[in-house]
Amino acid sequence: MKLLRLSSVCAAATAAVVLSIVTGPRVGGQAAAPPSLTVFSKDGRKTLPLTVNGDQELVFLDDLASAFQFTIRDESFGTFTVAYKGKTILLTPDQPLVSIAGRLVSLPAAPTRAGRRWLVPVEFTNRALALVYDARLDLRKPSRLLIVGDLRVPRVTMRFENADPARLTVDLVPRTNSTVAQDNNTLTIRFDADGLDAAVPAIQPGPLVQAVRVLDPATLAIDLGPRFGSYRASTQPLDTSTRLTIDVLSAQSPSQPAPPPPAAPDTQPPPLDLSTLNPGAGGVRTIAIDPGHGGEDEGVKGPRGTKEKDLALAVARRLKAAIEGRLGIRVLLTRDEDRNVPLDGRTAMANNNKADLFISLHANASFRKTAAGASILYASFDREAEQAARASLGSERLPAFGGGLREVDLVFWELAQIRHVKHSAELAMFLEEQLHDKIPLSAHAVDRAPLDVLESANMPAVMIEMGYLTNDEQENQMAGADFQNTLVQAVFDAVLRFRDTMRSGTP
Amino acid sequence: MPRRNLIIVVGFLALIAVVAVGIAIAVSRWNRGSRTPAAAAVTPPVTPGRRIKARLFYVGADGTRLAGVEREVAYGEGTVEQARQIVEAQIAPVTEPLVSAVPPATRLRAIFVTELGNAYVDFSRELVMGHSGGSTDELLTVYSIVNALTANLPAVKSVQLLVDGKQLETLAGHVDLRRPLDRNLAWVE
C-alpha cells in the first residue's frame, strides 16, 4: 500500500509506471544503504542523499542546486527563490505549493528546514524544476532515478526460473532492441539504450546459471555454470514493451526445443496482479472528494440537529479510507476539518492535483418534510455558458512536466466541466445503479443542474445528495454507521466500474 | 420667543426633508435610467383592476419539483412592468395547499430587462438569509422565479437573480447565479 501511495503522488505517473511499481520493492530492498537519488544525465551518474520522512522522500535543495546549476536566494517574508537562467521558482516554507511565473504547482510536501539547509520533496524536480530547466527531467520515483535530457532508459523487469533449461525473462518498457552474445563463460545482453532502470533479481547459483549482473549502464551479463551447453534467445514485441527470453540449456538437454516463449504477458503468472495494483491504467489515479459546506456554513440542519457539514465530512472520510485502502487510488479531501472552503478553492484543489474524478458530498433539504431519497447531480450549462465555451480562448505553448513545451487548449476556468459532461453523466448513472436497492433513492435519482462547484471541475464530476435532512426518518438513518457504510460501499463499487470502463476504453 | 424659535426649527426641518426627498427621487431616477439599457419602468403604468392569467410555480407534492399553477396577476404595461407584477405575485405569501419556494419576507427591489432579453431581478437579502440550504430547495427557489418570467413573457429569455443590488455566487452554496439562467422546465413536475 505504501508503495502504491508513493506511486500515485508522482505527478508524472503514466501507465508505464506500472513496471516501476513492480521493480520498486526490489530496488528498495537492495538499497538497504542510505537512500539516495541517482541523477542520470549525458555526463554520467551522480547520487544525491535522500531523507525519508514517512511516505515522503526529500532531497537537499543545495544538492540539487549544484547538480542543476541553479541559485537559491532568500526573499522577504520567509520565502525563497530558485533562479535558473533568469527564471524563478518561488517557495514558501510550510506551503506545499510553489509559484512559477504566476502559476501554482503543488508538491506532496512543503519545503522544510534541516539546520541551515532546505529539504524539498523529490517531486520538486519533475513538477517544478522541470518547468524552468533546459532539458527534460524524468523522475522515476520507485527506482529513485532522475533522468536528465532525452536519454533512453527503459524500465526493466526480470524474472528468473532456475530449472533446466534455466530461463531469464526480461521485459523492457518502452520497446528496446538488444543483442545477445556468448563470451566464454558469460552471456552478454547489450541493450540499445543509454542506461537501464532495472532491478536485478538475486538468484541462487545453479549448475546452469551462476549469477545475473549489470556489466555497464546498458549491458547485462549472465555468468554461466559448469553444466552450460547452449543458449537460445528470442525477442517478442508486446503492446508497449519488448520481452526478451533467454533459455540456458544444459549439455545433456533434450534436443527438442524448449516450449516457445509465452505469447502474451498473461500466459505466465505476472509477478504481481497488475489489475489490482495498477490504478493508473484505468485513467483514475486520483480522486477528489468534496465534503460540502463547513465552518460557519453549516449547510442544512435536521430537526434533531444533524448538520450537513458534519455528515458530509464523516462520509467523505469513510470513503477516502475505503478507496485508498482497497483500490490504492490517491484520495484528496477538499477539506478534512470543520472549515469553510470557497467553492472555487475546492475545484482548484482538484484541478491543480490533476484529480481524475470529483465527488461532492451533500445532504438535501426540501420545503416539504416528506421529501426523501438520495440523488446524483451533474452539471448543466445554459446557452450563455456554452456560447462562452465555444468562443475558444485558443491555445498556448506552455512548459510541460518533464521539460519541453506542450500545446495546451485554454478553457474558461468556470466552464472547464463542459468537456467532461459525458463522463460525468456515466459516473452518475453508475452511482444510481449501485445505490439502487441499497439506500432510498429520490424519484428523480439523477438530475442536471448549473451547480457552481461542479462547473469548474476539469474532470468528470458529480454531486451526491445523500438524502433529506429535513425528513425526520432520513435524518436518523443518515446519521448512522450502517447507512454511511452502505453508501460508501456503493460509491466505491461505482468508482470501480467507472475505472474499469475507462480502462477498457468503452465508456 | 421659544414658540417662535420652535416654528423656525420645524420650518427648517421641513425644508431639509423636502430637499432630501427631492434629491432621493432624482438620484433614484438617475440610477434607474443608467442601469436600464432597454426598457425602464419609470412610472408604474398599472391599470387598476385589470388582470392577466399567468403560470406561477410552487413546490410540488413530493417536494422535489415545482408545480405550475395558473393564477391571476395584475396587468402591467410593457415587459418590465409586467415582469414586476409576475415576480411580485410569485414571491407573495400563499396558503396551503400551495407552498412557496421563496423564503417569506423576501421583497423585490428592482427589475431590469435588457434588449437581449436578459432579466435582472434584484431581491432583498431575505432571499438568502431565509433559505434552508439544500440544493433541491435552492433549485426550486431559483427556477420558480426564472420559469415564472420566461414562461409568461416571450421577451424574457433568461433571468439573473441579484441580492441587494449585487451579483452573488449562490443562494446557499449550490446553484451558480453568476450568469443568467434559461427557462428549465425539467424542474417542473
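Letters go in sequence order (proteins before strands), and every chain restarts at 1.
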Residue B:Ala61 versus chain A: region with a heavy atom under 4.5 Å: backbone
B:Arg178 atom CZ, neighbour heavy-atom count above 12 within 6.0 Å: yes
side-chain contact (heavy atoms from CB on, under 4.5 Å) between A:Asn364 and B:Glu138, worked out: CA-CA 10 Å; A:Asn364 218 336; B:Glu138 201 175 320; over 6 Å; no
Largest heavy-atom contact set with chain B, pairs under 4.5 Å, which of A:Ser442, A:Pro450, A:Ser375: A:Pro450
Best-contacting candidate, A:Val453, A:Leu343, A:Thr370, against chain B by heavy atom pairs under 4.5 angstrom: A:Leu343
Smallest separation among heavy atoms of A:Leu377 and B:Ser135, with atom names: CD1-OG, 4.3 Å
Inter-residue atom distance A:His362.NE2 - B:His174.NE2, 0.5 Å rounding: 4.5 Å
Whether A:Asp382 side chain and B:Asp182 backbone form a donor-acceptor pair below 3.5 Å: yes
A:Leu469, part contacting chain B, at a heavy-atom distance under 4.5 Å: neither
Exercise: identify the closest heavy-atom pair between B:Asp62 and A:Ala443: OD2-CB, 4.5 Å
Minimal non-hydrogen separation, B:Gly133 against A:Val300, with atom names: C-CG2, 3.7 Å
Chain A contact via B:Glu169 - which portion, at a heavy-atom distance below 4.5 Å: both
Main-chain N/O of A:Ser366 paired to B:Thr136 side chain as donor or acceptor, under 3.5 Å: no
A:Ala449 to B:Leu139 - nearest heavy-atom pair and separation: CB-CD2, 3.6 Å
Set of residues satisfying salt bridge (charged side-chain N to carboxylate O under 4.0 Å, His left out) with respect to A:Arg497, sequence neighbours excluded: A:Glu433
B:Ala172, part contacting chain A, at a heavy-atom distance under 4.5 Å: backbone
Enclosure of A:Glu337 CD (heavy-atom neighbours >12, cutoff 6.0 Å): yes
Set of residues satisfying salt bridge (charged side-chain N to carboxylate O under 4.0 Å, His left out) with respect to B:Arg65, sequence neighbours excluded: A:Asp447
Between NE2 on residue A:His444 and CH2 on residue B:Trp187, distance to nearest 0.5 Å: 8.0 Å
Whether B:Asp137 side chain and A:Phe367 backbone form a donor-acceptor pair below 3.5 Å: yes
Side-chain H-bond candidate by donor/acceptor type, A:Asp452 with B:Thr170, under 3.5 Å: no
Least distance between heavy atoms, B:Thr64 atom then A:Ala371 atom: CG2-CB, 4.4 Å
